[in-house]
Each structure stands twice: as structure tokens, then as C-alpha cells.
Amino acid sequence: MKKIEMKTPLVEIDGDEMTRILWKMIKDELILPFVDLKSEYYDLSLPNRDDTEDKVTVESAEAIKRLGVGVKCATITPNEDRMKEYSLKKKWKSPNGTIRAILDGTVFRTPILTPSVKPSVRSWKKPITIARHAYGDIYKAVEIRVPEKGKAELLFTSLSGQETRETIYDFECPGVLMGQYNKDSSISSFAHSCFSFALDTNQDLWFSAKDTISKKYDETFKLTFQDIYEKFYKEKFEEKGIKYFYTLIDDAVARVIRSEGGFVWALKNYDGDVMSDMVSTAFGSLAMMTSVLSSPDGCYEYEAAHGTVTRHYYRYLKGEETSTNPMATIFAWTGALRKRGELDGIDSLIGFADNMEKAALATIEDGVMTGDLVSLIEGGRTVSGKEVKKVNSAQFLSEIRKRYEAMA
């Protein structure tokens with residue numbers, strides 16, 4: 001079979017632990033036999049980030065801005081335990097947070113649905129897409145450990161030298177402080193991205209925050225969304241028969257659980273991080289959720305929504321067999337290759353991505369799947385009547401390849 005030619009490289013960002021192992025397996029089994037892959041490679045493994053003082057993370061983001069499309073493996077954001085485990089110089093910040101800050105985009109996360117995997121929430125019949133703001137907030141926050149009694153203040157000094165000062169708290173004992181920020185320009189870009197995505201996919205858009213408590217920070221998000229909707233999107237939404245509305249995040253959570261799905265749920269950075277895990281798990285598995293970062297200037301970064309699967313990695317290091325689900329990482333690769341094909345006008349590359357995804361879903365419907373999905377199949381048979389068979393990661397990828405080759 002002749003390999004599909006690429007014109008422009010995509011940015012390939014390698015990662016950590018079990019997902020790094022899967023990354024190579026997916027490339028070797030599902031990508032390289034069929035695509036003459038052109039990529040600019042960046043190693044974002046934790047040891048290499050430490051060796052490069054995290055410069056490699058910034059370089060990978062700049063490469064995405066230059067080339068337009070990237071695909072990223074899951075990476076570790078180190079805590080105190082990880083710092084000791086890897087003998088790090090410091091606790092490096094989230095690489096995803098760094099990349100998102102540089103690209104200033106919105107992360108859209110949508111579950112991968114297959115008929116045999118039923119959502120835990122009985123009312124859900126359609127996918128729920130999480131639109132997560134990908135700039136600022138807690139991911140770019142500055143923190144201080146308060147060592148003793150004292151007065152904490154929030155100070156802003158304008159270019160003209162004017163000071164605005166607010167007392168945060170008069171500490172009567174040690175504690176902690178955090179300062180976080182966002183920008184009107186980024187919030188506006190977030191809103192435009194969400195409204196455009198909802199229009200493109202013909203879905204209602206929900207936005208939720210907590211402006212009743214955060215009367216300046218969260219209210220800015222709320223008012224920006226409403227203003228942009230009224231000025232640019234209201235008529236378009238009405239023409240398509242879709243809706244936009246804002247509600248408090250606690251009310252939104254209750255509404256989401258009672259809904260049938262089929263909408264876009266826009267959330268601030270950390271809220272989106274948490275709720276995307278909730279939505280993906282309730283739809284079936286963390287390994288069954290796509291994630292794409294879309295920037296205002298038309299750059300895209302595709303990745304799996306889950307982490308590095310540490311537990312399976314430790315078992316792998318002991319020589320034990322693992323049945324890790326690679327679906328989200330496969331869809332990250334196919335998403336990036338499809339977008340590269342769309343931007344470069346390569347229909348065969350688009351077709352490859354489409355068919356590889358179909359082959360992956362067909363494998364599950366044929367009853368061949370990893371352990372996380374086996375327990376979710378009611379009665380031990382798929383909707384197509386096939387008896388479920390648990391396989392390890394390598395076997396699963398091999399089965400997908402068989403089905404893809406049968407389509408070609």
C-alpha cells in the first residue's frame with residue numbers, strides 16, 4: 001500500500017509514562033505503515049523539561065503557532081511527590097497550561113460515543129462538548145506561603161503610576177495566598193470561539209460561572225459573553241433555532257445531569273478541567289474523550305483528555321501486561337492529521353483519519369476492547385450481539401489495523 005504523502009509537518013509533542021509507551025505503539029501500528037509522516041518532534045517528558053528548564057514546552061507551543069497543527073501526548077504536572085520521584089530542580093508548571101497561555105485558545109472536549117457503551121446518566125442521549133477557556137486563572141497563578149501574622153493586599157499600579165489597593169486579609173496566623181488573572185482580550189476570544197463552535201455544530205451554548213460570589217472576576221466573563229452574543233451572534237442563533245444562556249455553575253451542574261445532552265457547555269479554565277473529567281467518565285471512560293485546543297489565529301493542538309495512566313505504567317515497568325485504552329490518543333492523532341489534510345488540501349489524509357476512527361469504533365462494536373470498557377458493556381455483549389473479549393493494548397491496536405486494512 002502506497003503511503004499517503006504530507007506537504008507540511010505537524011508538531012509532534014511526546015509525553016510521559018504509559019501514554020508515552022502507547023504513543024510509540026500507535027505510531028508504529030496505525031500511522032507509519034500508512035502515512036509518510038512529516039513531523040517536528042518535541043520531547044515533553046518530565047526529565048527533558050527539567051533538563052531544558054522547561055524551554056522545550058515554550059518551543060513546542062511556538063512551533064504550533066508556526067506550523068498550525070500539533071498533536072500532544074499526555075504529560076505530568078509535578079507535585080511534591082513527583083518532584084522527589086524524578087529528582088527535579090523545581091515543580092514545573094503544567095505544560096498544557098503553558099501551551100494554552102501561548103496559543104490563547106479554547107479547548108473543546110467531546111466524548112467518543114459508541115452504541116455499546118451506555119452513559120452512566122440515563123437521560124444522556126447526545127454528546128456534551130466542554131468548551132474550556134485555555135488562558136490564565138489558576139494555571140498561571142502566583143502563590144505565596146504566608147509565614148506569620150501580617151496584612152495581605154492586592155495592589156495594581158497603572159502605567160501612569162496610579163495605585164489601586166485592596167486588603168485581602170489580615171492574617172492572624174500563617175496561611176497561603178494566590179493571585180490569578182485574566183484578560184479582556186482572551187475572554188473575548190473565548191466567547192467568540194464558543195459561539196462560532198455552537199453555530200458550526202448547530203448546538204445550544206451554555207455558559208456558567210459564579211458571578212454572585214465573584215462580582216468582578218466571574219462577572220466580567222458573564223458580561224463579555226452577553227455583550228458579544230447580543231452584538232454578533234443573536235440573530236444567527238435565532239435563525240438556526242439554537243439558544244445561548246448563562247446560569248450559575250451549581251445550577252448548570254444540576255441541569256446537565258437532567259439533560260439529554262447535545263449542547264456545548266462553556267466553562268472557565270479550572271471548571272472546564274474538572275467538568276470534562278466528570279462528563280467523560282459519565283459517558284463511559286476518561287480514555288474516550290477527544291480534546292482540541294483552537295486558537296483565535298487558526299492554530300490547533302490535539303491531545304487526549306486524560307492523564308499519563310501512572311498505575312498502568314508502574315505495572316508495565318514490572319513486566320506485567322496492561323490493557324490501557326488508547327482511543328483518545330488515537331483520536332488525537334487522527335484529529336491532527338485530518339486538520340493537516342484540510343489545511344493542505346490532502347483528501348487522502350482526511351480519508352485516512354476518517355477510516356481509522358471508523359476502524360477503532362468498529363473494533364469495539366465487534367466486542368474487542370480494553371479492560372476499562374469491558375466492565376461497561378451490559379450483559380457481556382455489544383449492541384451488535386458480539387461477545388466481549390478483553391485484550392491488551394497491543395492486541396487492541398492490531399485489531400484496529402486489521403479492520404482499517406479491510407476498508408482500504
Side-chain angles (χ1 to χ4, degrees), residues 100 103-113 119 121 123-137 182-212 214 217-269 271-273 275-276 278-280 282-283 289-300 335 338-339 342:
R100 289 166 191 156
L103 295 181
D104 187 20
T106 300
V107 177
F108 295 97
R109 289 181 169 175
T110 306
I112 302 167
L113 301 187
V121 181
S123 62
W124 287 358
K125 298 178 176 62
K126 303 172 185 176
I128 297 170
T129 296
I130 299 290
R132 174 186 173 188
H133 190 210
Y135 183 83
D137 295 354
N182 226 296
K183 303 188 300 182
D184 287 357
S185 59
S186 183
I187 297 168
S188 295
S189 294
F190 174 44
H192 280 293
S193 295
C194 293
F195 287 121
S196 296
F197 188 90
L199 282 172
D200 289 344
T201 57
N202 201 34
Q203 297 181 91
D204 290 348
L205 175 66
W206 302 13
F207 176 57
S208 57
K210 194 68 173 178
D211 65 293
T212 52
S214 179
Y217 202 105
D218 281 26
E219 187 179 66
T220 297
F221 278 81
K222 174 188 175 181
L223 295 178
T224 300
F225 264 72
Q226 190 62 40
D227 182 58
I228 288 174
Y229 174 67
E230 296 285 346
K231 287 181 179 177
F232 301 103
Y233 297 98
K234 185 176 181 179
E235 289 185 8
K236 296 176 182 177
F237 268 56
E238 290 174 348
E239 286 173 5
K240 284 207 165 190
I242 57 176
K243 298 177 181 178
Y244 163 71
F245 76 93
Y246 171 84
T247 188
L248 295 173
I249 189 166
D250 40 347
D251 177 59
V253 170
R255 287 173 179 254
V256 166
I257 296 299
R258 293 195 304 266
S259 76
E260 66 171 21
F263 55 86
V264 182
W265 186 12
L267 293 157
K268 290 167 54 195
N269 209 342
D271 295 342
D273 192 4
M275 293 304 167
S276 65
M278 183 272 285
V279 168
S280 62
F283 267 108
M289 192 170 217
T290 65
S291 181
V292 57
L293 171 66
S294 174
S295 75
D297 54 353
C299 295
Y300 302 87
R338 181 186 295 107
K339 180 56 67 174
E342 290 171 358

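None of these values were measured; they are calculated from a predicted model. Residue numbers start at 1 and run along the sequence shown.
Proximity of Thr220 to Asp184: side-chain heavy atoms (C-beta onward) are separated by under 4.5 Å at one or more points. Looking only at side-chain heavy atoms (C-beta outward), Phe221 and Tyr246 stay at 4.5 Å or farther from each other. Residues Ser188 and Ile228 form a side-chain contact, since some pair of their non-hydrogen atoms from C-beta on lies under 4.5 Å apart. Contact of the Phe197 side chain with the Leu205 side chain is not registered, since no non-hydrogen atoms from C-beta on lie closer than 4.5 Å. At least one side-chain heavy atom of Lys268 sits less than 4.5 Å from a side-chain heavy atom of Tyr217. Residues Asp273 and Arg109 are in side-chain contact: their nearest non-hydrogen atoms beyond the backbone lie under 4.5 Å apart. The shortest distance between side-chain heavy atoms of Phe283 and Ile128 falls below 4.5 Å. In this structure, the side chains of His133 and Ser186 come closer than 4.5 Å at one or more pairs of heavy atoms.
Between Asp218 and Lys222 there is no salt bridge, since no side-chain N of the basic residue sits under 4.0 Å from a carboxylate O of the acidic one. Between Glu239 and Lys236 there is no salt bridge, since no side-chain N of the basic residue sits under 4.0 Å from a carboxylate O of the acidic one.
Ser123 places a side-chain N or O within 3.5 Å of a backbone atom of Ser259 that can act as its donor or acceptor partner. A donor-acceptor distance shorter than 3.5 angstrom exists from the side chain of Asn269 to the backbone of Gly136, with no hydrogens or angles considered. Distance alone, capped at 3.5 Å, is enough to place a donor-acceptor pair between the Thr290 side chain and the Thr110 backbone.
In this structure, Phe195 has its ring center no closer than 6.0 Å to that of Phe232. For Tyr244 and Phe237, the gap between ring centers reaches or exceeds 6.0 Å.
For the side chain to side chain contact (heavy atoms under 4.5 Å, CB included) with Trp265, the lone residue among Thr129, Asp204, Val256 that qualifies is Val256.
Considering all non-hydrogen atoms of both residues, Ala252 and Thr247 come closest at CB-CG2, 3.7 Å. Scanning both residues, Phe207 and Ala266, for their nearest heavy atoms gives CD1-O, 3.1 Å. Closest non-hydrogen pair, Gln203 versus Ile242, comes out as O-CD1, 3.5 Å. The two residues Ser276 and Ile130 come nearest to each other via the heavy atoms CA-CG1, 3.9 Å. What you find for Ile257 and Trp124 is that their closest heavy atoms are O-NE1, 3.9 Å. Between Arg132 and Phe190, the shortest heavy-atom contact is C-CE1, 3.9 Å.
In Lys126, the NZ atom is not crowded: 12 or fewer heavy atoms of neighbouring residues, nucleotides or ligands sit closer than 6.0 Å. Under a cut-off of 6.0 angstrom, the local environment of CD in Glu235 is sparse, with at most 12 non-hydrogen atoms contributed by other residues, nucleotides or ligands.
Atoms CG and CG, on Leu103 and Leu293 in that order, are 5.0 Å from each other to the nearest 0.5 Å. Considering OH of Tyr229 and SG of Cys194, their distance stands at 14.0 Å, rounded to 0.5 Å. Going from atom CD1 of Ile249 over to atom CG of Leu267 covers 5.5 Å, rounded to the nearest 0.5 Å. Taken from CG in Asp251 to OG1 in Thr212, the straight-line distance is 11.0 Å, to the nearest 0.5 Å.
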For side-chain contact (heavy atoms from CB on, under 4.5 Å), just list the numbers for Ser295 and Asp104, CA-CA rounded to whole Å, side-chain angles, deciding distance to a tenth of an Å, and then say yes or no. CA-CA 6 Å; Ser295 75; Asp104 187 20; over 6 Å; no
Can Glu342 and Tyr300 be said to form a side-chain contact (heavy atoms from CB on, under 4.5 Å), step by step? CA-CA 12 Å; Glu342 290 171 358; Tyr300 302 87; over 6 Å; no
